[in-house]
2 protein chains.
Amino acid sequence: MSVPAITISMMSAAVNTEYTWPMVRWEPGSQGRLAQAALELYGERGFDQTTVAEIAERAGLTERTFFRHFSDKREVLFSGAQALQDLLVNTVIDAPTTATPIEAVELALAAAGNLFDERKAFSLQRQHIIDGSAELRERELIKLATLATALANALRTRGVSDPTAGLTGEIAIAVFRISFEQWVASHDSRSLPQLIRDSFDQLSAVTAK
Amino acid sequence: MSVPAITISMMSAAVNTEYTWPMVRWEPGSQGRLAQAALELYGERGFDQTTVAEIAERAGLTERTFFRHFSDKREVLFSGAQALQDLLVNTVIDAPTTATPIEAVELALAAAGNLFDERKAFSLQRQHIIDGSAELRERELIKLATLATALANALRTRGVSDPTAGLTGEIAIAVFRISFEQWVASHDSRSLPQLIRDSFDQLSAVTAK
DNA sequence: GTCTATAGTGCGATAGAC
DNA sequence: GTCTATCGCACTATAGAC
């Protein structure tokens, strides 16, 4: 009940770091409690079989408040995507000026990979829920597409021009997706950053002329 | 009103190529009329501002019939994706045995590109509608992800092993997305197949070690 | 072909913090 | 007074159940 948002996930944790809310009237961390309740219920009975009313009830809040924090029932699982995007973008921007576009995004993905590695149990649980729902898979794809666009824009700030910037952003996400898939598959014990490095090597081999 | 489904779109047209209706081919079936009405209404007033009831009414059918033909309000714009997937998959399978994985998907995308080129006006209209709705963008992304998986499976039938197959499928879709984006942008007059070729060249340059 | 559950929206009211 | 988090209620449309 009073589990702080930081334990819920790398993603949801971001919401609590903005500022602290001095309150007596309501229990603090509504958004974190809602995210925690949603994660539990989606895991227990599946996404489709969970109503927003049930999530709100478990969090000690009302349905209306849920929609105040999350635009829809799916968003509660993706509310931390902004933190991931910021990490990727900042890593690209801060990459050495000597780095090629592909090297810059490789650095960014490595940084993100480390974050996921540190929260593997949560990542697996969350991914299991997402894999069980077409609606959630859709939302995940749009978040990944957003990351591709953000990466492309970050590359443009480095002076990379189109269409190289756009293409490199898309490729980075393609590599990440393949690597993440292998990471989640139980028969592969490599770390996510390692899988990402291997995938980039594979990419070079596949596209070599 | 009596516009046959074949003129609506490459995608929607596919429903007609699966088998021929017993009578009056020029009198479009319910599915085609619904697809046509939906395309018109989504274009006229936007996706969100169109109700299924309105689509059904314009098609001279009931709301219930709409959901019998299309699983949801969005699917009416994507009902022909199967034909595109078949084309891609078959082209990969039929590619010369000497073709590398990346060459095989390049052939497939070229074939698809030609199809789009022949229906550019429709493609632009449809894309404009999709770009205007987050829900529709989500559905488009899941269709593209499905294509990536299908391409990967087609490559596996050629003996390509993982993770090369999966990675090549994802890369193909990334290239297609970038190329399609440029094709839709009015300031680029190259054909889609040409843009795809150029993007593959760009890919080699970007990933060269 | 009708009925119903549920997602999601709009607006007003409340009650603390400042 | 303003601002913000929450609640409550009425409402629409989707989508599935019967």
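To find a chain, count down the sequence lines: A is the first, B the second, and so on, and within it residues start at 1.
By the salt bridge (Lys or Arg N to Asp or Glu O under 4.0 Å) test, B/E75 is found to be paired with B/R139, B/K143, residues two or more places apart in sequence or in another chain being considered. Remark: A/E40 engages A/R58 in a salt bridge (Lys or Arg N to Asp or Glu O under 4.0 Å) (not counting sequence neighbours). Contacts of B/D162 classified as salt bridge (Lys or Arg N to Asp or Glu O under 4.0 Å), with partners at least two apart in sequence or in another chain: B/R156.
Distance, B/Q49 CD to D/dT14 C1': 15 Å, rounded to whole Å. Here D/dA17 presents its P atom at 17 Å from CZ of B/R68, a figure rounded to the nearest Å. Between the CD atom of A/Q31 and the C1' atom of D/dT4 there is a distance of 14 Å, given to the nearest Å.
For residues 126-164 of chain A, the set of pairs meeting the ring pair (Phe, Tyr, Trp, His ring centres under 6.0 Å) definition, not counting sequence neighbours, is empty. For residues 30-56 of chain B, the pairs satisfying ring pair (Phe, Tyr, Trp, His ring centres under 6.0 Å) are B/Y42-B/F47, with sequence neighbours left out.
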Q. Tell me, for nucleotides 1-11 of chain C in 5' to 3' order, what letter each nucleotide earns: B for a base near a protein heavy atom under 4.0 Å, S for only sugar-phosphate near one, - for neither?
A. BB---SSBBBB

